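Quick notes on the structure that follows.
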There are 2 protein chains.
Amino acid sequence: MSVKPQYQGADRKQLQSVLRDAGFRSTEGRLALLAELKQSNKPLSVEILASHIGSRLDEANVYRALESFAQAGIARRVDLQHGHVHYEFAHGDDHHHIVCTSCDKVEDFAGCEYDRLAETALKQTRNFAKVTNHSFELFGLCNSCAT
Amino acid sequence: MSVKPQYQGADRKQLQSVLRDAGFRSTEGRLALLAELKQSNKPLSVEILASHIGSRLDEANVYRALESFAQAGIARRVDLQHGHVHYEFAHGDDHHHIVCTSCDKVEDFAGCEYDRLAETALKQTRNFAKVTNHSFELFGLCNSCAT
DNA sequence: CTACCTGCAAACGGTTTGCATTGCC
DNA sequence: GGCAATGCAAACCGTTTGCAGGTAG
């Protein structure tokens, strides 16, 4: 649970404008949080995020910030069925996750044909007007755990 | 939160054998729980289940029973993103749910092409051996909430 | 008779909230 | 200077656990 060195350079300014554009103030804590999210290649738990951020933001405020980020669309909440929430940086693409139920390894994959499936679902039920969101995760065993 | 009258008749015997076949003892509480699940057309929360069952099983044991049912494959855990678990009777089909984010109405739909998508995902990652499970739920607005 | 099942009550852990203070803009 | 963001501590709430007594097979 080491505290990351202060990220710096070009990235910092970029992250600052991400925050400002989303209507937030640019504070050390939120900047660090956003940097942490952005640099990760998988969804992170609040616990991990808080520990990486160290003293720049306490856990309660990590929750508050992440919730705000998600509402503003700059982060996404992901449910990996671990009993606690995970968040990831909201890059534009519609990707999903495959999770190893034994070691918790996570990888992305693309190609959930969401539009078409949503269409199908809407036709079937007749009681829904539109689909705004969806969850789709796969659970299985990674190569090393499968042997 | 009224307590349902005792279900009876043909169904009861059938449920008893479902329990026994799954390796459980057939007790009033579990029988009532299973009946409740079976008769519902949507996933139910533990809170609702416990209240419908009344004094035949307290909440802690509803949790224990549902967990056992899920492991035995006679019930399924469903995540509707309501902050608490839901369970449904495990009929054979692979169906999913569309949930109204405003009023929590839930309906089933079929046609998530799981096999094909799992295949795609496995090809993409190369680090996973197999997919054993998946989640797929749609969130949107029902006709009455959309207006 | 002996596991399995149950009720009750307490513990648990992730998340939320209240409130006084701080520090962006 | 005003309002968003923060730290700290306490509340919250769904869920799990321990244990002594009950009951199905």
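Reminder, nothing fancy here: chain letters follow the sequence lines and each chain counts from 1. Bear in mind the structure is a predicted one, so any value in this text is a computation, not a measurement.
Put simply, CG on B:Leu66 is 10 Å from P on D:dT16, counting in whole angstrom units. Between the CG atom of A:Asp58 and the P atom of C:dT15 there is a distance of 14 Å, given to the nearest Å. The nearest whole Å value for the distance from the CG atom in B:Leu57 to the P atom in D:dA24 is 13 Å. Distance B:Gln71 CD to D:dT16 P: 11 Å, rounded to the nearest Å. Taking atom CZ of residue A:Arg30 and atom C1' of nucleotide D:dA4, one finds them 8 Å apart after rounding to whole Å. One interatomic measurement links the two molecules: CG of A:Leu33 to P of D:dA5, which rounds to 13 Å at whole-angstrom precision.
Residues B:Lys105 and A:Phe128 are in side-chain contact: their nearest non-hydrogen atoms beyond the backbone lie under 4.5 Å apart. Within the 4.5 Å cutoff, no side-chain heavy atoms of A:Phe136 are placed close to those of A:Leu117.
Ion pairing of A:Glu28 with A:Arg12 is present here, as a side-chain N (NZ or NE/NH1/NH2) and a carboxylate O approach within less than 4.0 Å. The residues B:Glu88 and B:Arg77 are annotated as not salt-bridged, no charged nitrogen and carboxylate oxygen being separated by less than 4.0 angstrom.
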Each nucleotide of nucleotides 16-25 of chain C classed B (base within 4.0 Å of a protein heavy atom), S (only sugar-phosphate) or -, in 5' to 3' order, makes BBBB---BBS

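Listed in residue order, the members of residues 80-89 of chain B having a heavy atom less than 4.0 Å from DNA chain D are B:Gly83, B:His84, B:Val85.
Residues A:His134 and A:His96 have side chains that bring a donor and an acceptor to within less than 3.5 angstrom of each other. With 3.5 Å as the limit, one finds no donor-acceptor pair spanning the side chains of A:Glu107 and A:His95.
Shown here for A:Val106 and A:Pro43, the closest heavy-atom pair between the two residues is CG1-CD, 4.0 Å.
A:Val18 and A:Leu37 fall within the same hydrophobic cluster, where Ile, Leu, Val, Met, Phe, Trp and Tyr residues are linked whenever their side-chain heavy atoms come under 4.5 Å apart, directly or through other members.
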